Every structure is written in structure tokens, then in C-alpha cells.
Amino acid sequence: MDIKKLVKPNIRSLRAYQAEEIPCRIKLDANESPYSAVSGQRSAISFQKHLQALNRYPDPQAASLRKLMAKELQVTPQNILHGNGSDELIYNLIAVFGGPVLYPVPTFSMYGIISQALGERKIEIPLDDRFDLDASGFIKTIKRRNPKLIFLSSPNNPTGNCFSEDRILKIIRQSKGLVIVDEAYQPFSEKMSFIPFMKKHKNLVILRTLSKIGLAGLRVGFVIADADIINELNKVRLPFNVNSLSQKVASEALQNKKQLRSDIRLIISERKRLFKELAGMAGVVTYPSDANFIFFKVDNGERIYRNLLQKGILIRSMKGVADGCLRVTVGTPKENAAFLRILKQIL
Ligand SMILES: *Cc1c(COP(=O)(O)O)cnc(C)c1O
């Protein structure tokens with residue numbers, strides 16, 4: 001029996017996402033925070049308490065977590081839905097609304113992968129030479145093909161920049177479908193969140209995640225949208241999609257805002273230092289970042305990627321996405337210093 005023949009054609013041509021673990025001493029490849037958001041003694045004690053309640057299913061509505069996040073973002077809990085990471089919410093959005101799905105490239109790979117997994121048409125428009133949105137390309141495509149969903153990661157992964165506000169707004173105004181502004185990296189940006197624009201634009205949807213601010217292992221993300229959109233998403237959301245430990249630990253983290261804020265501040269100041277150092281190296285072109293990583297270009301990206309790995313430092317190679325480009329996550333001051341020192345040696 002040939003299993004391949006049983007598989008739907010759109011899945012047959014897909015390849016499993018490469019999230020393999022590469023052994024390394026310093027891990028700067030996945031845009032994680034170098035600091036756990038719940039590392040204190042108090043968390044360890046309450047963790048014990050949560051373990052004893054594991055015979056029960058989690059709260060399907062994640063009521064207290066949603067309430068805390070709503071307060072943090074100044075929206076109402078009816079406008080928030082929780083996901084097992086924001087990846088899951090991207091999946092739910094595409095499952096509910098379908099395609100065509102429009103997004104710029106290069107960007108977060110899951111928009112395209114999930115579209116294909118669900119058999120939906122995808123449309124990709126290259127970013128301009130400043131990694132900003134090609135507004136006229138978007139408007140033309142919106143008029144011609146009427147995409148149901150438009151995904152804009154701002155700050156954009158992997159380029160690090162925010163798209164210009166007026167271009168995003170123009171796209172929101174022109175689109176008859178939903179425009180999803182994925183704000184996974186917004187906490188690291190000096191630019192404004194798009195959440196305030198939701199009042200005026202019902203088709204604007206925001207994605208947030210705890211993954212980049214110290215809780216990647218928990219798998220907790222959020223979609224913020226009009227209540228009518230949330231109701232539709234709830235039809236396809238699996239009832240117990242965020243487990244009870246994740247709900248509890250995430251709630252604790254959101255209550256300890258001081259810790260979250262100071263970790264983010266430290267990462268931002270390290271990003272500025274890293275940027276300055278990289279920009280000063282001969283043979284390196286750096287791009288400004290509003291995120292917790294830096295996108296840069298070197299002469300032989302693959303060679304430098306491999307040389308760094310040999311020295312125990314794992315960053316991300318952008319081969320096939322933006323050839324010759326590399327993406328490095330901001331780590332602890334010590335990790336960043338080691339990265340800079342070894343990169344200098346290699347160059
Ligand atoms: C990392 C990332 C996410 C992620 O997601 P989780 O599933 O919440 O870990 C979403 N969008 C972008 C642009 C990302 O870079």
C-alpha cells in the first residue's frame with residue numbers, strides 16, 4: 001500500500017517543519033528570550049499546587065488568563081481568544097475564513113505552510129528594498145483577487161522592522177477581508193501597537209504571543225478581534241487547547257509585570273548594543289530592528305553560519321529565504337559578547 005497516494009495532494013507536496021534541535025552552547029536561533037518570565041521561588045511553590053489539580057480538564061474558556069491579558073491590552077475579554085501558541089490561532093483563522101491568503105515575503109513561514117496544509121490559495125508579494133510593504137502591489141492584488149486574509153508581521157520576522165503605519169492602514173481600508181497584524185515582537189518596539197485602530201476597523205485582527213517574552217515553552221498566544229470574529233474562531237478551536245499548567249503559569253507571569261518589563265528593557269538595550277557593534281564590522285550590513293533579533297547580511301552567509309556553529313553558537317541562516325542573510329536573536333549580555341567576539345574572529 002502506497003500511503004503517499006492516500007494523502008491529499010496539498011499535503012503530499014508539503015515538508016514537515018524543520019524544528020530540529022541542533023546541539024550548541026549558545027542558542028540564538030529561535031527568537032526566544034534568554035530569561036524565563038517565571039523563574040522566581042514563588043512560582044516554584046505555586047507550581048506544586050497546580051500539579052495536584054491535573055486530574056481535571058483545563059478551563060476551556062481560559063477565563064482568568066483572558067481577563068488578565070484583556071486588562072494588559074486594554075480590551076474586553078470578549079475580544080480575546082487563547083491559542084496553543086499563536087501558530088494555532090493562525091491555523092484557526094485560515095480554517096474559518098479560507099483563502100486566498102495574502103502576505104509579503106520574506107516573512108513568518110507559518111502563514112504559507114498552514115495555508116497549504118489547509119488547501120488554501122496563497123499569494124506572496126515581495127517587500128520593497130527597505131523591507132517595507134509594497135503598498136501599490138498590495139492594493140492591486142486586493143482589488144484583483146479579493147484575499148480573505150492578509151497577514152502582516154510587524155515587526156516583521158525575519159527582517160526585524162515595523163512596516164510603515166500609513167501603508168498598513170491603507171491596506172486595512174482597501175481590504176474586504178481580514179487584515180491580521182501579527183504583533184509577536186511588539187513588546188520590543190518603540191512604535192505603537194495597532195490595537196487602538198481596532199475601534200475604527202472591524203476587519204483588523206491582532207495576534208500576540210508570550211513566546212518571545214520569556215515563555216516559549218508554555219505555548220500561549222492570543223488573537224484580539226471583534227467579538228463576531230472571536231465567535232467564529234471559537235467554532236473550530238479545540239475545547240481544551242491551552243492546558244491548565246500553561247494557563248496558570250501564564251497568568252502568574254502576567255501578574256508579575258515588573259519582571260516582564262525589566263527583561264524586555266534589558267533585551268532592547270542589548271539589541272541596541274549588538275546593532276552598533278555589528279554595524280561597525282567590515283563586511284557586515286545590518287538592518288534596523290524593532291524586535292528581539294537582528295537581521296544582517298555578510299558575504300558568505302552559509303560559511304559564517306557553519307563556522308559559528310562549530311564554535312558552539314547557533315544562529316539562523318536565511319538560506320532560501322534571503323540568501324547570504326543571517327538572523328541572530330538577542331541573548332544575555334554574555335552570550336551577545338561571545339557571539340560578537342567569535343564573529344569578529346571568523347570575519
Ligand atoms: C514566533 C512567531 C510567532 C509565534 O508563535 P507562537 O506559536 O505563539 O510561539 C508568531 N508570529 C511570528 C511573526 C513569529 O515570529
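Only a predicted model underlies this, so the values are computations on that prediction, with no experimental measurement involved. All residue numbers in this chain count up from 1 along the given sequence. Numbering of ligands and ligand atoms starts at 1, following listing order.
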(request) Give every residue pair that meets the ring pair (Phe, Tyr, Trp, His ring centres under 6.0 Å) criterion with at least one member in residues 210-246, sequence neighbours excluded. (result) Tyr57-Phe240
Show me the donor-acceptor pairs within less than 3.5 Å that the side chains of residues 308-322 make with the rest of the protein, sequence neighbours left out.
residue	atom	partner	partner atom	Å
Arg316	NH1	Asp29	O	3.4
Ser317	OG	Glu302	OE2	2.3
Ser317	OG	Lys319	N	3.2

(message) With a 4.0 Å heavy-atom cut-off, what residues sit around ligand 1?
(response) Gly85, Ser86, Asp87, Phe108, Tyr111, Ser153, Asn157, Asp182, Ala184, Tyr185, Thr209, Ser211, Lys212, Arg219
(message) Less than 4.0 angstrom from a charged side-chain N to a carboxylate O is my criterion; do Lys148 and Glu120 meet it?
(response) no
In residues 136-146, what donor-acceptor pairs under 3.5 Å come from side-chain atoms, sequence neighbours left out?
residue	atom	partner	partner atom	Å
Ser136	OG	Asp134	OD1	3.4
Thr141	OG1	Gly137	O	2.8

(message) Determine whether a donor-acceptor pair (N or O, by modelled atom type, separation under 3.5 Å) exists between the side chain of Asp263 and the backbone of Ile213.
(response) no
(message) Testing the 3.5 Å rule here: is there a donor-acceptor pair between the side chains of Asn157 and Arg327?
(response) yes
